[in-house]
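Have a look at the structure below before the remarks.
Every number for a ligand or one of its atoms is a count from 1 in the order of the listing. The structure presented is a predicted model; accordingly, all values stated were derived computationally and were not measured.
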Amino acid sequence: MSIVKLAPSILAADFARLGEQVAEAADAGADRIHVDAMDGHFVPNLSMGAVVVESLRRVTHLPLEIHLMVSAPDLFFDELAATGSDSFLVHWEGNNNLHRTVQRIRTLGKRAGVAINPATSAAVLEEIVQDVDQVLVMTVNPGFGHQQFVRTTLPKIRRVRELIERHHPVCEVEVDGGIDATTAPLVVRAGATVLVAGSAIFGDRHGVGPAMNALRTALNTKRDTEPAEWPALQRS
Ligand code: DX5
Ligand code: ZN
């Protein structure tokens, strides 16, 4: 069993069968469910919020992580926390008070993460990484599922991992966008420990369970032939 965590993104799920699909992901060993909240302003798309989180909370015990692609994330924490969210991922971009936002998440007793877009340097994390549980490296431009993986993010994942090893080694390195059986081994070799995947899991014609197994097989196959370069990946 791979020690890399999988976070299926329900953005690619069939919303008419959302509970069923999340149950399939849970049965297949999903570590958490990734919920993409969009406001049509921070990104050019609308998606879901507390109503969906509330419904999901009734049907799964898996941690629910909320990726807030919104201009004013602080406005949504209270309701999202009350409806059963476990962690909040907020973007570095456009937030003039990121430290305050992270402290607010902590005050609510939730896990906190900071997300960075493809054009944002790993270096911006240096003064915040000590305060978060996870960093989310966007491997596509946020806003839509099923986009092509941006390969130039690979060296950045490596730089994020190095920075985390120096400042806060328990912090997770999560990646989001275009993750499939081809790109998953690349991001893991670069230092990712948590993989968000939407279309590769919910869009696979073989079903959710087989799709998650295919991702794990890709990781394990790669690891057999190319030993992990990051010793910390061996930790649980
Ligand atoms: C994109 C979202 C992702 C999205 C990934 O802005 O943050 O979580 O669901 O979708 P795939 O895995 O299809 O690229
Ligand atoms: Zn996301």
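Applying the side chain to side chain contact (heavy atoms under 4.5 Å, CB included) test between Leu62 and each of Ile33, Asp86, Leu56 identifies Ile33 as the sole match. Looking at Glu174, Glu172, Glu65 one by one, the single match for salt bridge (charged side-chain N to carboxylate O under 4.0 Å, His left out) with Lys5 turns out to be Glu172.
His67 has its closest N, O or S atom to the Zn ion (ligand 2) at the position named ND1. The closest approach of Asp176 to the Zn ion (ligand 2), by N/O/S atoms, is made by OD2. Within Asp36, the N/O/S atom positioned nearest the Zn ion (ligand 2) carries the name OD1.
If you number the atoms of ligand 1 from 1 as listed, the ones under 4.0 Å from a heavy atom of Gly177 come out as 14 (O). Atoms of ligand 1 lying under 4.0 Å from at least one heavy atom of Met138, given by number and element, are 7 (O). Of all atoms in ligand 1, numbered sequentially from 1 with element shown, those under 4.0 Å from a heavy atom of Pro142 are 6 (O). With ligand atoms numbered from 1 in the order given, ligand 1 contributes 6 (O), 7 (O) to contacts under 4.0 Å with heavy atoms of Met69. Every atom of ligand 1 with a heavy atom of Ser199 under 4.0 Å away is listed here by number and element: 11 (P), 12 (O), 13 (O). Close approach of ligand 1 to His34 (heavy-atom distance below 4.0 Å) involves ligand atoms 8 (O). The ligand atoms of ligand 1 that sit less than 4.0 angstrom from a heavy atom of His67 are 7 (O).
Checked against a 3.5 angstrom limit, the closest N/O atoms of Gly198 and ligand 1 fall inside it. Ligand 1 has an N or O atom lying under 3.5 Å from an N or O atom of Gly178, backbone or side chain. For ligand 1, one of its N or O atoms has an N or O atom of His146 under 3.5 Å away.
Heavy-atom separations between Ala197 and ligand 1 include at least one value shorter than 4.0 Å. Assignment of Gly143 to the shell around ligand 1 is supported, since a heavy atom sits closer than 4.0 Å.
Counted by atom type alone, Asp39 and His41 present zero donor-acceptor pairs between their side chains at under 3.5 Å. Side-chain polar atoms of Asn95 and Thr101 form a donor-acceptor pair below 3.5 angstrom.
Ranking the protein heavy atoms by distance from atom 2 (C) of ligand 1 puts Asp36 OD1, 3.4 Å first. Among protein heavy atoms, atom 1 (C) of ligand 1 sits closest to Phe144 O, 3.3 Å. Here the protein heavy atom with the shortest distance to atom 10 (O) of ligand 1 is Gly145 CA, 3.6 Å. Considering only non-hydrogen protein atoms, atom 3 (C) of ligand 1 sits nearest to Asp176 OD1, 2.9 Å.
Side chain of Lys110 to backbone of Ser85: a donor-acceptor contact under 3.5 angstrom is found. Looking at Arg106, its side chain does come within 3.5 Å of a backbone N or O of Asp131 through a donor-acceptor pair. Looking only at distances, no side-chain donor or acceptor of Glu93 sits under 3.5 Å from a matching main-chain atom of Thr120. For the pair His91 (side chain) and Asn117 (backbone), a donor-acceptor distance under 3.5 Å is absent. Side chain of Ser9 to backbone of Val196: no donor-acceptor contact under 3.5 angstrom is found. Listed for the Arg57 side chain is a donor-acceptor partner under 3.5 Å among the backbone atoms of Thr60. Here the side chain of Gln21 pairs no donor or acceptor atom with the backbone of Val208 at under 3.5 angstrom.
Under 4.0 angstrom from ligand 1, the non-hydrogen atoms of Ser9 all belong to its side chain.
The number of heavy atoms from other shown groups lying within 6.0 Å of CZ (Arg100) does not exceed 12.
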